Amino acid sequence: MSAVAQKTAAVAVDDVDITFASKRSKVTALQDINLHVEQGEFVTIAGPSGCGKSTLLKAVAGLTLPSAGSVQLRGEQVKGPRQDIGYVFQRAALLEWRSVRGNILLQAEMRGMDSTAARKRADELIEMTGLTGFEKALPHELSGGMQQRVSLCRALLHKPSVLLMDEPFGALDALTRERMNIELNRIWAETGTTVMLVTHSVAEAVYLASRVIVMSPRPGRIIEEHTVDLPKRRGYAETLETPEFHRVSARVRELLGASGAEE
Ligand SMILES: Nc1ncnc2c1ncn2[C@@H]1O[C@H](COP(=O)(O)OP(=O)(O)OP(=O)(O)O)[C@@H](O)[C@H]1O
Ligand SMILES: [Mg+2]
């Protein structure tokens, strides 16, 4: 197929190796990674600690460059930090002295976005994530889940082509995590954003995904991937009872169990 006829993937990772070398040691974090993520897909990445999941997200964001192979965002080679991605870290990383709105608008200030448009967009996101009424609250006045929602709004403010999430709900209690999963599913279904999310939770990996990627221990390789054949918009309890959810979860759990990775 010609390059023009081919649908351009939102993210294309081709033959990527990443090795970290210091004076004392050399660590191969990723080996022979091939992963194409289509626009609007929700790809979750599961794998044992240290297998290179964060490194993979950083490579997509251009924060770490591959030692071999290439990473492309919408057909464009990633050569350094990219502006068109959104990043959500495990901890919300909010500025304590700034309000909810102030933290979200930080994204706009850093990018020099038009402030009127940014404020309007911030308000839409605040409403979408259920933070209405807390615009002026400071981070310490929020629960952990609310802080992560602020962080999500900040990552979505500039309408990134790809949203990268690195264990975004790892620090939350089980119930809050479930609620965040449900909200994230709704946001994804409503906005059609392309998402790559790293998680240690099998249930989270399968519930959220249109495709689950399972990685091996270091050097990280993709050992299996499974398409999750369920509607985009999914209820939580219902989904967990479907044969499809059971099928994929059982296999992912088996693979992670075999590599000793499950929480
Ligand atoms: N900047 C760096 N310099 C040197 N080594 C690094 C660097 N970043 C990551 N590594 C190494 O690469 C490997 C993969 O790290 P990475 O953080 O990607 O793992 P991970 O799968 O995200 O693990 P976890 O589940 O614990 O977060 C590890 O062995 C780590 O020590
Ligand atoms: Mg990590």
Side-chain angles (χ1 to χ4, degrees), residues 11-35 37 42-71 73 78-82 85-93 144 147-148 151-152 154-155 162-174 177 180-181 184 195-209 211-226 249 251-263:
V11 179
V13 178
D14 290 301
D15 305 319
V16 162
D17 292 345
I18 295 187
T19 301
F20 295 107
S22 71
K23 279 188 196 132
R24 282 167 288 118
S25 62
K26 205 170 140 184
V27 175
T28 302
L30 294 176
Q31 200 164 57
D32 201 20
I33 301 290
N34 284 285
L35 175 64
V37 180
F42 198 129
V43 168
T44 56
I45 302 157
S49 182
C51 76
K53 303 179 296 295
S54 298
T55 304
L56 177 57
L57 289 196
K58 285 181 196 155
V60 172
L63 300 173
T64 300
L65 294 178
S67 316
S70 81
V71 178
L73 279 182
V78 174
K79 295 182 190 140
R82 291 285 295 228
I85 54 115
Y87 219 121
V88 179
F89 300 93
Q90 182 162 2
R91 300 188 63 107
Q147 291 183 18
Q148 265 319 40
S151 165
L152 180 61
R154 188 177 56 191
V162 182
L163 176 63
L164 304 173
M165 307 182 86
D166 196 349
E167 299 189 45
F169 311 132
L172 304 178
D173 65 89
R177 188 170 190 160
M180 293 299 290
N181 278 190
L184 183 57
V195 188
M196 291 176 74
L197 177 143
V198 167
T199 180
H200 278 109
S201 156
V202 175
E204 184 168 279
V206 182
Y207 168 72
L208 289 173
R211 185 155 49 117
V212 184
I213 305 291
V214 185
M215 291 176 66
S216 69
R218 203 176 55 235
R221 301 167 199 253
I222 294 174
I223 45 175
E224 263 184 39
E225 51 177 87
H226 290 273
S249 310
R251 182 61 188 151
V252 173
R253 191 160 280 126
E254 194 177 312
L255 289 166
L256 295 184
S259 61
E262 248 241 271
E263 270 175 341

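Counting starts at 1 for both ligands and their atoms, following the listed order. This structure is a prediction, so every number in the text was calculated from the model and none was measured.
- Heavy-atom contacts of Arg218 reach the following atoms of ligand 1: 29 (O) (cutoff under 4.0 Å).
- With a 6.0 Å radius and a threshold of 12 heavy atoms from other residues, nucleotides or ligands, Arg91 has its CZ atom at or below the threshold.
- Proximity of atom 4 (C) of ligand 1 to the protein is indicated by at least one non-hydrogen atom lying closer than 4.0 angstrom.
- Going from atom CG of Asp32 over to atom CG of Asp17 covers 6.5 Å, rounded to the nearest 0.5 Å.
- Of the possible polar contacts, none joining the Lys53 side chain to the Leu197 backbone as a donor-acceptor pair under 3.5 Å is found.
- Close contacts between ligand 1 and Glu167 involve ligand atoms 25 (O), 27 (O) [criterion: under 4.0 Å to a heavy atom].
- Of all atoms in ligand 1, listed by their number and element, those nearer than 4.0 Å to a heavy atom of Gly50 are 13 (C), 14 (C), 19 (O), 20 (P), 21 (O), 23 (O), 24 (P), 25 (O), 26 (O), 28 (C).
- Every atom of ligand 1 is numbered from 1 in the order shown, and the set under 4.0 Å from a heavy atom of His200 is 25 (O).
- Side-chain atoms of Ser216 come within 3.5 Å of backbone N or O of Arg221 as a donor-acceptor pair.
- Scanning the protein for heavy atoms near atom 25 (O) of ligand 1, the closest one is Lys53 NZ, 2.7 Å.
- Annotation: the span from Phe42 atom CZ to Met196 atom CE amounts to 11.0 Å, rounded to 0.5 Å.
- Nearest-heavy-atom check against atom 19 (O) of ligand 1 across Gly52, Ser25, Ser49, Pro48 picks out Gly52.
- Among the atoms of Gln90, none of the N, O or S atoms falls under 2.8 Å from the Mg ion (ligand 2).
- When atom types are taken as modelled, the side chain of Gln148 and the backbone of Pro168 share a donor-acceptor pair closer than 3.5 angstrom.
- Under 4.0 Å from ligand 1, heavy atoms of Thr55 appear from its side chain as well as its backbone.
- From Met215, atom CE reaches atom CG of Leu30 across 5.0 Å, with rounding to the nearest 0.5 Å.
- Here the side chain of Thr28 pairs no donor or acceptor atom with the backbone of Pro219 at under 3.5 angstrom.
- In terms of protein heavy-atom proximity, atom 17 (O) of ligand 1 is nearest to Ser54 CB, 3.7 Å.
- With a 4.0 Å cut-off on non-hydrogen atoms, Met215 does not touch ligand 1 at all.
- Inclusion of Cys51 in the set of residues having an N or O under 3.5 Å from an N or O of ligand 1 is warranted.
- Contact annotation for Lys58 and ligand 1: no heavy atom of the residue comes within less than 4.0 Å of the ligand.
- Residue, atom and distance of the protein heavy atom nearest to atom 1 (N) of ligand 1 are Phe20 CE2, 3.8 Å.
- The presence of a protein heavy atom under 4.0 Å from atom 31 (O) of ligand 1 is ruled out.
- Using a 4.0 Å cut-off to heavy atoms of Val27, the atoms of ligand 1 that qualify are 29 (O).
- Interatomic distance, Met180 CE to Leu208 CG, rounded to the nearest 0.5 Å: 10.5 Å.
- Taking any N or O of Ala29, backbone or side chain, none lies under 3.5 Å from an N or O belonging to ligand 1.
- Judged purely by atom type and a 3.5 angstrom limit, Asn34 uses its side chain to pair as donor or acceptor with the backbone of Asp15.
- Interatomic distance, Gln90 CD to Leu172 CG, rounded to the nearest 0.5 Å: 9.5 Å.
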